[in-house]
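Report on one structure; see the data block that follows.
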Amino acid sequence: MNRRWAAAILAAVATLATGCSGTSTAGIPTPQRPETSPPAQSHRTSDVPKVDRPLVITSFLDEPCTSLTDDQVTEYLGEDTEEDDKTNLSAGPSCAWYSGMRSNAHISVTYPRLGDDGLAAIYLNKEHAAYFLGMAPASGYPAIASSTIDKRDEGECLVTVGTSDSEYVHINMYLGDGSVGRVDPCDAAHEVATAVIDNIKETN
């Protein structure tokens, strides 16, 4: 796997570190829906990629910090990282890793539990996004880069990967100060997303 961006981040981080040390009522049954009633509207449109082989992510909802291995975190962020496990967030279980080398570089992985439309919910609102970029699949699963706020010039990018037609995972990448402008944050986030999907696939 290409780790050029990771090497660039670590090099910049090292430099920074050195320099800084229906119910019824009254017995009257509710009328049944006529057979001619239209089905419930679906948010899925033709441009939303389908997930042919859904992934089971249950264990990662309980332990989101297993989304990346220790070796992967070290490769992306260097030694002595800090880990923040938040399994009880209302938006969905999340884990974040922060560089321990006096850099702002960090990664967060979140499993949103806000609905069951999967990527269709994001595609439905893409016209309101600050950026919406189709990306190559992450280990065979559909991926997009999209957010309501565009901070790519500041080294941040959010990549979302569909794990099924009803679920997805967010990977947010924040580059270290020395890597902003040198590394594409969406490429970096996509590489991390691929690692996350590979780790999920190993449990299925």
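- Around atom CD of Glu83, more than 12 heavy atoms belonging to other residues, nucleotides or ligands sit under 6.0 Å away.
- Put simply, CD1 on Ile200 and OG on Ser67 are 6.0 Å apart, with the number rounded to the nearest 0.5 Å.
- Here the straight-line distance linking atom CG of Leu124 with atom NE2 of His128 works out to 8.0 Å at 0.5 Å rounding.
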Apply side-chain contact (heavy atoms from CB on, under 4.5 Å) to the pair Leu119 and Thr160, showing each step before the final yes or no.
CA-CA 8 Å; Leu119 290 181; Thr160 302; 3.7 Å; yes

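- Linking Ile, Leu, Val, Met, Phe, Trp and Tyr whenever their side-chain heavy atoms come within less than 4.5 Å puts Val196 and Leu61 in one cluster.
- Although no hydrogens or angles enter the test, the distance criterion places no donor-acceptor pair under 3.5 Å between the side chain of Asp187 and the main chain of Val183.
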Hey, mind stepping through Arg152 and Cys186 against side-chain contact (heavy atoms from CB on, under 4.5 Å) and telling me if it holds?
CA-CA 8 Å; Arg152 289 174 294 172; Cys186 292; 3.7 Å; yes

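- Thr148 places none of its side-chain heavy atoms less than 4.5 Å from the side chain of Asn125.
- Formation of a donor-acceptor pair under 3.5 Å by the Ser146 side chain with backbone atoms of Tyr131 is found in this model.
- With Asp84 contributing its side chain and Ala96 its backbone, the two residues share no donor-acceptor pair below 3.5 Å.
- The structure places OH of Tyr76 at 9.0 Å from CE of Met173, a figure rounded to the nearest 0.5 Å.
- Contact check for Pro64 versus Asp85: side-chain heavy atoms found under the 4.5 Å cut-off.
- Asp47 places a side-chain heavy atom less than 4.5 Å from the side chain of Tyr123.
- Residues Pro142 and Pro49 come closest through the heavy atom pair CB-CG, 3.5 Å.
- In this structure the side chain of Asp62 never reaches within 4.5 angstrom of the side chain of Thr87, judged on heavy atoms.
- Rounding to the nearest 0.5 Å places CG of Asp116 at 9.5 Å from OG of Ser164.
- Contact of the Ile197 side chain with the Thr163 side chain is registered, since non-hydrogen atoms from C-beta on lie closer than 4.5 Å.
- Taking hydrophobic clusters as Ile, Leu, Val, Met, Phe, Trp and Tyr residues chained together by side-chain heavy-atom distances below 4.5 Å, Val180 shares a cluster with Val159.
- Between Ile122 and Ile144 the shortest heavy-atom distance is CG2-CD1, 3.5 Å.
- Counting only distance, with no hydrogens or angles, the side chain of Asp177 and the backbone of Ser103 share no donor-acceptor pair below 3.5 Å.
- By the 4.5 Å heavy-atom criterion applied to side chains, Asn204 and Arg53 are not counted as neighbours.
- Within the 4.5 Å cutoff, the side chain of Phe60 has heavy atoms near those of the Thr66 side chain.
- The main-chain N or O of Glu167 is never found under 3.5 Å from a side-chain atom of Tyr111 such that the two would form a donor-acceptor pair.
- Across Trp97 and His106, no two heavy atoms sit closer than the pair O-CB, 2.8 Å.
- By the 4.5 Å heavy-atom criterion applied to side chains, Ile107 and Val73 are not counted as neighbours.
- Note that the CG atom of Asp198 and the OG1 atom of Thr203 stand 11.5 Å from one another [nearest 0.5 Å].
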Carefully, step by step, assess Thr74 and Glu79 under the rule side-chain contact (heavy atoms from CB on, under 4.5 Å).
CA-CA 5 Å; Thr74 298; Glu79 300 285 350; 3.6 Å; yes

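- Contact between Ala145 and Cys157 at its shortest, heavy atoms only, is CB-SG, 4.0 Å.
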Stepwise, does the side-chain contact (heavy atoms from CB on, under 4.5 Å) test hold for Leu158 with His170?
CA-CA 7 Å; Leu158 174 65; His170 283 321; 3.7 Å; yes

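- Among Asn88, Val109, Thr110, the one residue that satisfies the side-chain contact (heavy atoms from CB on, under 4.5 Å) test with Ser94 is Thr110.
- Under the 4.5 Å side-chain heavy-atom criterion for Ile, Leu, Val, Met, Phe, Trp and Tyr, Leu77 and Tyr98 are members of distinct hydrophobic clusters.
- Residues His190 and Ala143 come closest through the heavy atom pair CD2-CB, 4.2 Å.
- Between Tyr141 and Lys201, the shortest heavy-atom distance links the atoms CE1-CD, 4.1 Å.
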